Amino acid sequence: MAKRVALAYSGGLDTSVAVRWMIEEWGVEVVCVLVDVGQDADSSESFDDIRARALAAGALDCVIVDARREMAEEFCAHAIYANARYEGKYPLVSALSRPVIVRHLVDQARKFEAQAVAHGCTGKGNDQVRFEVGTHALAPDLEVLAPARNWGMSRADSVDYAEKWDITIRASKEKIYSIDENLWGRAIECGAMEDPWAAPPDEPYTLTRITNEERVELVLNFKAGLPVAIDNEAMSLDELIATLNHRAGATGFGRLDMVENRRVGIKSREVYECPAALAIIAAHADLEDLVLERDVHHEKARLETRWAELIYDGMWFSPLKEALDAFMIDTQRFVTGDVRLSFEAPGLMRITGRRSPHALYDYGLATYDAHDTFQHADSEGFVKIYGLGVKTWAARQGAKNATPRSS
Ligand code: ARG
């Protein structure tokens, strides 16, 4: 059994209780690792408060790592290249942050000479998979401990446990939402939403409360597959994401309400708010429509589905993910240009224009006016040969398909 454990610490009820519980039950030393992936945006509690709580719970130390830029420039960036939306909808908010956290958790485990890492996930979710598979990929020798998976405490029991050990927690026994947030958005679970028919209450939303009823129009400027500026004002990717979360979110854009298939075989009702992620992916995909050659474009769409599944399933650090990334990155060379987004009504965004120096759109070919450059006569032979197989087949069938149903 490990003597020292590095715990992925959030400051919430479960991970705070986990500190004391592991000390009491397993006799280990606990180092807390709090990775800032952008979850502080709306929090009313400072990282210093959270650190103090970890120490009060008995932690040897609590290290705070600022990984916001890394989250944006590596993890969100690859998700943008891949237009990543699990099951065609969910932009992988939580799934993207776990490998960042794992990387720092392993790094701190090494620095503190720990023999194990730990997380606060239960046995029913995807996050345990992401933590554990990720750790095995980066540090096969480290043990992974999951106290909350086995301790058998209800939420109320955990609150009592925290009280007994003088760990001050803001959560009450009644607090019902489970919220995970980072730069890429917020995932909201539990409460009334466990009934997939129940409309989500307004209360847990923060990024998408409507504070601007005016129409908002903005241009996203892309370079080699990534947004680099808004209305030509250059900013780093983490800043750009934060700015868009604010500007698009204020119009009410960015909510998702869906039933999704977890890796562990459970269907769950999930509510997300991720204005920047959805706006950036929509704009990026639109720009690709303009610049990617047809076969590359169609093949990329197939691989995007696989990419999103892999990340959802905790395979960020895996050979297939690396190979798919090589493909994605190769396709991004020409994804440079501008996309105009119009937030027209609460919750509604429309793309109203796109342009690129690498556009494959050719006015002379596409126009319907008489002076186009397209060789109409060439189509005659092309269409005949293209349809030859079907024509031959049809001749063997007789006139069977030519009789209208109604007669
Ligand atoms: N269902 C989403 C996912 O698996 C969100 C998970 C949110 N995590 C949480 N601990 N509340 O990525």
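Source: prediction; values computed, not measured. Whatever order the structure lists ligands and atoms in, that order sets their numbers, starting from 1.
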Task: Atom pair CE/NZ of M328 and K321 - distance to nearest 0.5 Å - done: 10.0 Å
Open item on the list: Can you tell me if R263 has over 12 outside heavy atoms packed within less than 6.0 Å of its CZ?
Closed with: no
Open item on the list: As a quick check of understanding, evaluate side chain to side chain contact (heavy atoms under 4.5 Å, CB included) for R130 and H119, giving each step before the final call.
Closed with: CA-CA 10 Å; R130 298 165 186 154; H119 61 74; over 6 Å; no
Open item on the list: Under a 4.0 Å threshold between the charged nitrogen and the carboxylate oxygen, would R209 count as salt-bridged to E273?
Closed with: no
Open item on the list: Measuring only between side-chain heavy atoms, which start at C-beta, is F112 closer than 4.5 Å to V63?
Closed with: yes
Task: Within the protein, residues bringing a heavy atom under 4.0 Å of ligand 1, chain by chain - done: Y90, S94, A95, R98, N126, D127, R130, S178, D180, A187, E189, E260, E270, Y272, Y312
- [ ] Using ring pair (Phe, Tyr, Trp, His ring centres under 6.0 Å) as the criterion, list what pairs up with H298, not counting sequence neighbours.
- [x] none
